[in-house]
Number of protein chains: 4
Amino acid sequence: MTNPTDGKFDVILKAAIEVISEKGLDKSSISEIVKLAGVAQGTFYLYFKSKKDLIPAIADKLLAITLADVKVKTEQKETFWEKLDVLIDETFQTTNTHQDIIVLVYSGLAVHHSLEKWEAVYQPYYDWFEQVMREAIENEEIIDSIHVGWTARSLINMIENAAERYYIGYEQDEELAVYRAELFHFIKRSLERL
Amino acid sequence: MTNPTDGKFDVILKAAIEVISEKGLDKSSISEIVKLAGVAQGTFYLYFKSKKDLIPAIADKLLAITLADVKVKTEQKETFWEKLDVLIDETFQTTNTHQDIIVLVYSGLAVHHSLEKWEAVYQPYYDWFEQVMREAIENEEIIDSIHVGWTARSLINMIENAAERYYIGYEQDEELAVYRAELFHFIKRSLERL
Amino acid sequence: MTNPTDGKFDVILKAAIEVISEKGLDKSSISEIVKLAGVAQGTFYLYFKSKKDLIPAIADKLLAITLADVKVKTEQKETFWEKLDVLIDETFQTTNTHQDIIVLVYSGLAVHHSLEKWEAVYQPYYDWFEQVMREAIENEEIIDSIHVGWTARSLINMIENAAERYYIGYEQDEELAVYRAELFHFIKRSLERL
Amino acid sequence: MTNPTDGKFDVILKAAIEVISEKGLDKSSISEIVKLAGVAQGTFYLYFKSKKDLIPAIADKLLAITLADVKVKTEQKETFWEKLDVLIDETFQTTNTHQDIIVLVYSGLAVHHSLEKWEAVYQPYYDWFEQVMREAIENEEIIDSIHVGWTARSLINMIENAAERYYIGYEQDEELAVYRAELFHFIKRSLERL
DNA sequence: GATGAATGAGCTTTCATTCAT
DNA sequence: CATGAATGAAAGCTCATTCAT
């Protein structure tokens, strides 16, 4: 009857991601989530204090997956520019796959005043990219007159934003490759050490 | 009692902005909005088709104000770089003043699947900035090997994002001036024609 | 369609009394009350702030009816002892008719920590009986060495209690007349001026 | 870890009294009670058939304690009037100490339709006081023309009621001594054999 | 006996929307 | 145009109770 991966927490979280992806947080009901998860209404509250407790849990899961992926794929790359390319690639892919959940995470965190948690969730991502940038500075690939913390955050945001603009809704009047190239070169022009 | 500018539409919109700024869209009720506006419950539906009709209206109003302001202030400036500086300045100021409503507009548009309207709302803003960039290209202030449409959108997003990261929540561990300088130079390095 | 006595407040209150009489406050659901009242769920909350808002309203209504009745019937009586007899009679009758609601009022007020309201509700009743006792003292029917306020409250309680013990549950192993006589004489022996 | 007197029944009952005293029966949850008792959720149902099974058990315990106390203290007294004085004293003290639980017992028994049990619970109390009254009649301290059963119940109720009126809520505008004297003399006037 | 995770019916309350006046 | 009482669907959440271990 029970299945090794059947931690109820994960079952519920998975169902929640699925339902919320489709309808958004506010239109999604706990009852629909538990129905899909195959557990009772009350069981939800054994694992989550309330409905909005879902948001950080979802964000956590999503970012953890993405970061793990990015780390694996960038490890094999030598130069900063190759790594940046991987980052752009992964971000576009993740954004495409998880469009709705990303919107949820963005807006959910914002709307439900859990901004403090947002930073905590993103911190490992930022840390990793700051480290990548520091190495690039040491290797004299990029200029050293930048504020690494700020730039890391700005780049991650810029990349995510570009991906979102492309996939989530509106700007598909050009080739994906053109967009990605534009993005890559915009950054490269700004950071490259000549 | 009534005031010449008191078109009910504007009265309701103003009340809506106030209430929603404080509590977010989903926690705000029509009944609270109409109470603050001093009109009857039913009157709301004479001017707005439904609750979520408010979001684009609010976004519209906010962007219109900001854009008008930016236009006035940039007209007096000669160079692209001065205009960019004004744009950054205005964006930071608006973000600071209207934090909550900006979050609302972002997430509201996203969550409530009115993404199509988003583009329409932002279009005049993009149009204006594209024009500014084209003039800068003609004046040989910035490089001409860019996709103007994409870059205009990316810059506006980048600037807004930086402002949001600064004000809405988390990154105030540095001087505002440092942040703004970092942003300005990041862009300048990428676009400047040497 | 509408009926002159159809103040929704009264319709709901009447339905509430009926339902709660049968099942007690906690077992009664708003949905059952509004169904019986023939109004919508939301309408209830137009007239009552919450479920427990019902208790004082019910108590008020019940006591007002009883007191009005007692006043009318005692006015025709000359002596204190005749009035006391009427009071006993009315109390027993009301208790018999409204058994469940009396239990509700007692326990509801107690349980839901609205004890302050209890006094307010009973005050007119106490006032009236104090006045009756003062006249009896003036007419030298009863002794004057009593604390009128305390005695009025105690007698009303004693009479209600006797009625409740008789009707609400347990002590019907004797004739009603015997009980009432016992009660009447217990009081008379204590108060009569010889 | 376990304590010889820690029969689970008593542990749970004690926890229940504590929790219910504070929040009332309906606001108290089994889960809170078992948490305080330090036993598992299911253990509760090994000792009590259901939640409302608690009420008679609590009432039983409380009355047993009070009656034992009253018995001890009255045994040393000679006359009926001295014993009555002790009874009044004890009742006021118990009422003061156990205000909330008394309210619960009263209203709980009433509301939850376990009125049959009420009589069973009170029976030993009534029996004892009837016996005291019979002795007083034999000793020609009080009149013999009374219905002993009815009078015993009425007096116990009257005394409890007076105490409740004094402590639970409202009537503290006079000295306690005045109230108690008024009560004592009201009864004495009615019963004393001259 | 003891456990405590799981259950699921059922609750109060909210609120966008309608419509007779 | 304006009103606001009425609607009723739908939501989040609680908790007494069960039962496999």
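Below, all heavy atoms of this structure are taken into account, side chains as well, without hydrogens, waters or symmetry copies. Worth saying up front: this structure is predicted, and the values here are computed from it rather than measured.
If you take CD1 on B/Ile58 and CG on B/Leu62, they are separated by 9.0 Å, rounding to the nearest 0.5 Å. Of the inter-residue distances, the one linking C/Ile65 atom CD1 with C/Thr94 atom OG1 reads 9.0 Å to the nearest 0.5 angstrom. Interatomic distance, OH of D/Tyr45 versus CG of D/Asp53, reported as 10.0 Å (0.5 Å rounding). Here the CG-CG distance, from D/Leu13 to D/Leu54, works out to 7.0 Å after rounding to the nearest 0.5 Å.
If you take CD1 of A/Ile30 and P of F/dT14, they are 11 Å apart, rounded to a whole angstrom. Atom NZ in A/Lys35 sits about 15 Å away from atom C1' in E/dA9, given to the nearest Å. Atom-to-atom, CD1 of D/Ile33 to C1' of E/dG4 comes out at 17 Å; the value is rounded to the nearest Å. Look at CD1 on A/Ile12: it is 14 Å from P on F/dG12, rounded to the nearest Å. The separation between D/Ile55 atom CD1 and F/dA16 atom P is 12 Å, rounded to whole Å. A/Phe48 places its CZ atom 14 Å from the P atom of F/dG12, with the value rounded to the nearest Å. E/dA9 atom P lies 18 Å from atom CD of C/Glu32, rounded to whole Å. In this structure, A/Lys52 places its NZ atom 14 Å from C1' of F/dC13, rounding to the nearest Å.
Mapping B/Ser29 and C/Ser29 onto DNA chain E by nearest heavy atom places C/Ser29 closer to the 5' end of the strand. The residue among D/Phe44 and A/Tyr45 whose nearest nucleotide of DNA chain F lies closer to the 5′ end is A/Tyr45.
Looking at B/Lys61, its side chain never comes within 3.5 Å of a backbone N or O of B/Asp10 through a donor-acceptor pair.
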Identify all side-chain donor-acceptor contacts of residues 29-36 of chain B below 3.5 Å with residues at least two apart in sequence or on another chain.
from, atom 1, to, atom 2, distance (Å)
B/Ser29, OG, B/Ser31, OG, 3.4
B/Ser29, OG, B/Glu32, N, 3.2
B/Glu32, OE1, B/Lys23, NZ, 3.1
B/Glu32, OE2, B/Lys23, NZ, 3.4

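Residue A/Lys51 places its side chain closer to F/dC13 than to any other of E/dT12, F/dC13, E/dA16.
Inter-residue side-chain proximity for B/Lys8 and B/Leu46 is flagged as unmet; no heavy-atom pair is nearer than 4.5 Å. The shortest distance between side-chain heavy atoms of B/Val39 and B/Phe44 does not fall below 4.5 Å.
At most 12 non-hydrogen atoms from other residues, nucleotides or ligands lie less than 6.0 angstrom from CD of B/Glu18.
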Can you give me the N/O atom pairs linking the protein to nucleotides 6-8 of chain E at distances under 3.5 Å, or say none if there are none?
from, atom 1, to, atom 2, distance (Å)
E/dA6, OP2, A/Tyr47, OH, 2.4
E/dT7, OP2, A/Ala40, N, 3.1
E/dT7, OP2, A/Thr43, OG1, 2.4
E/dG8, N7, A/Gly42, N, 3.0

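Helical stems in DNA chain E, defined as runs of 3 or more consecutive Watson-Crick or G-U wobble pairs with both donor-acceptor distances under 3.5 Å, are listed by first residue as E:2-21 with F:2-21.
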